[in-house]
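Here the structure comes first, spelled out in structure tokens, and everything after it is commentary.
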2 protein chains.
Amino acid sequence: MTVTQRTNRVPQEERTRAMRARLLEACVEVLAERGWAGTSTTVVSQRAGVSRGAQLHHFPSKSDLVVAAVEHLTQARRAELSAAVAALGEGRSTGAVLRMLADLFTGPVFTAALELWVAARADDALREVVAPFERHLGRETHKLAVELLGADESRPGVRELVQATLDLVRGLGLAATLGDDTARRARILDQWALTLDAALDAAPATPAAPAPTPDLQES
Amino acid sequence: MTVTQRTNRVPQEERTRAMRARLLEACVEVLAERGWAGTSTTVVSQRAGVSRGAQLHHFPSKSDLVVAAVEHLTQARRAELSAAVAALGEGRSTGAVLRMLADLFTGPVFTAALELWVAARADDALREVVAPFERHLGRETHKLAVELLGADESRPGVRELVQATLDLVRGLGLAATLGDDTARRARILDQWALTLDAALDAAPATPAAPAPTPDLQES
DNA sequence: CCACAAACAGTCAAGCCTGTCTTTTTCTCC
DNA sequence: GGAGAAAAAGACAGGCTTGACTGTTTGTGG
């Protein structure tokens, strides 16, 4: 640890980390602003204020950059989620939790993730990278939602209702990308909160007759 | 009607229509298979079996092609919806309706629409075209869902529940693009069918206390 | 049958994107 | 301080995409 030099007080390992972070940050921003098709390496390097040469030094190919950006973005989403939970405090009404989730799924960070998500569908290599991260984060989010909503997953159907809630906010987030949905979304969430509350702590959602129609291919 | 010529039995107006249709069809297919970023005019013309010259004759710019494809795709979605409703027949259990909707929002036609949807977010011109069509189709789908579910929209909250259902299947459709969700989706839908039934025809979803938390910015 | 226009075919240039390469600067260790 | 490596900068080539442009075929009306 006895560092001899006094001219450079910043070890360049630190600077390297910072430059990589700037590039990843810029990549996410560009993704959110211009979409996947508009995210060229040139634009990202310009946005990051990094020369193209330096960029290609740290990320030899675009794939390397994107893969790292996926990881970075996942971390960002995790952090955002934690922050939002902390901001919730203790007044965790169902409505407040739902609004929090919906806010998360309407912000620029989700938007960037959405772009990657959709792009990954047609790109095998990208999908291999995105899918695992999304699975992990999805599980974490689910766990957190269960906790925040005070749901008892041992009851039949409760787990599915929480999943449905998360898929709903995903759908709402998607709908919000075209045009401003805020008012409509708020109404839907309010109603969903009522229904969810009733379904969660009232009856165990009619344990009898799990599948009324027998025409189902999947097991 | 007294057509004098006997050599050409197909008026080229018909052929023009057919060629345009082939191009639009190909555009939608490519959109679903390769995504927005992979949809180049060259690929579309090849896919349609149409020379690039002919393509540029019918659609002078890529924008012209895409705009027409949006319209075409909307029509296709409408047709698919009608067909699915017809296939449902009279046995319209809530579960069956939900499965039908989810199938629609998991198929290639929806996928193509999803690509356009997401691409439109970062492209002002495209958004201006996509948004109105989506609004119209959205309203039609909502109306149809209300009818199929036998929902009484005069009751408070019912409208929002139907909207939530559609947003939910949108979210499920999005989730299905990465990896195969079929089993999970089926479970979620089954549970939601139960909950929705209970919420729709049981109580009017607690008409008192519409918003338990007063900390709401939006009106 | 001819003239004219629409439909069709394909080439070409300009621009962008990616990734390789060379050169220059900066850091680090001896 | 100097040698060597890592980092940074930027030029360059190859490929792809778009749309303009020219030439060719086909259909239609006189």
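Atoms considered below: every heavy atom in the structure, side chains included; atoms not considered: hydrogens, waters and symmetry mates. Letters go in sequence order (proteins before strands), and every chain restarts at 1.
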Output all residues satisfying side-chain contact (heavy atoms from CB on, under 4.5 Å) with B:Thr94, sequence neighbours left out; order by chain, then residue number.
-> B:Leu98, B:Leu149, B:Ala193, B:Leu196, B:Asp197

Under-3.5 Å N/O pairs linking protein and nucleotides 19-21 of chain C:
residue: C:dG19; atom: OP2; partner: A:Lys62; partner atom: N; Å: 2.8
residue: C:dG19; atom: N7; partner: A:Arg52; partner atom: NH2; Å: 2.4

Non-hydrogen atoms of A:Val162 and A:Ala145 that approach each other most closely | CG1-CB, 3.9 Å

Taking side-chain contact (heavy atoms from CB on, under 4.5 Å) as the test, write out the residues that go with A:Thr106, two or more places apart.
-> A:Ala176, A:Arg185

With a 4.0 Å cut-off on heavy atoms, is A:Thr42 in touch with a base, just the backbone sugar-phosphate, or nothing at all?
-> base

Partner set under salt bridge (Lys or Arg N to Asp or Glu O under 4.0 Å) for A:Arg170, not counting sequence neighbours = A:Asp167

Residues which pass side chain to side chain donor-acceptor pair (under 3.5 Å) with B:Glu33, listed by chain and number, not counting sequence neighbours | B:Arg47

Side chain of B:Ser40 only, please: which of D:dA9, D:dT18, C:dG10 is the nearest?
-> D:dT18

Please identify each residue that fulfils side-chain contact (heavy atoms from CB on, under 4.5 Å) with A:Ala120, with sequence neighbours left out.
-> A:Leu126, A:Arg127, A:Val130, B:Leu178

Using side chain to side chain donor-acceptor pair (under 3.5 Å) as the criterion, list what pairs up with B:Thr41, not counting sequence neighbours.
-> B:Arg52

Could you tell me whether the phosphate oxygens of D:dA7, OP1 or OP2, come under 4.0 Å of any side-chain nitrogen or oxygen in A:His57?
-> yes

Counterpart residues, side-chain contact (heavy atoms from CB on, under 4.5 Å), relative to B:Ser82 (two or more places apart) | none

Compute the bend angle of the helix from C:dC1-D:dG30 to C:dC30-D:dG1 from the end axes (five pairs per end), rounded to 10°.
-> 10°

Residue-phosphate contact under 4.0 Å: A:His58 side-chain N/O, D:dA6 OP1/OP2 | no

Set of side chain to side chain donor-acceptor pair (under 3.5 Å) partners for B:His142, sequence neighbours left out | B:Glu153, B:Arg159

Between the side chain of B:Asp64 and the main-chain N/O of B:Ser61, is any donor-acceptor distance below 3.5 Å?
-> yes

Rounding to a whole Å, what distance do you find between B:Phe59:CZ and D:dT17:P?
-> 19 Å

note: A:Gln55, atom CD; C:dT18, atom P; distance rounded to Å ~ 9 Å

When rounded to whole Å, the CZ to C1' distance for the pair A:Arg20 and D:dA8 reads 15 Å

Rounded to whole Å, CD of A:Gln46 lies from C1' of D:dA9 at a distance of 14 Å

Side-chain donor-acceptor distances from residues 110-119 of chain A under 3.5 Å, at least two apart:
residue: A:Thr111; atom: OG1; partner: A:Gly107; partner atom: O; Å: 2.9
residue: A:Glu115; atom: OE1; partner: A:Trp36; partner atom: N; Å: 2.9
residue: A:Glu115; atom: OE2; partner: B:Arg121; partner atom: NE; Å: 3.3
residue: A:Glu115; atom: OE2; partner: B:Arg121; partner atom: NH2; Å: 2.8
residue: A:Trp117; atom: NE1; partner: B:Leu174; partner atom: O; Å: 3.0
residue: A:Trp117; atom: NE1; partner: B:Thr177; partner atom: OG1; Å: 2.9

Give me the residues of residues 21-38 of chain A where at least one heavy atom lies under 4.0 Å from an atom of DNA chain D, by number, or none.
-> none

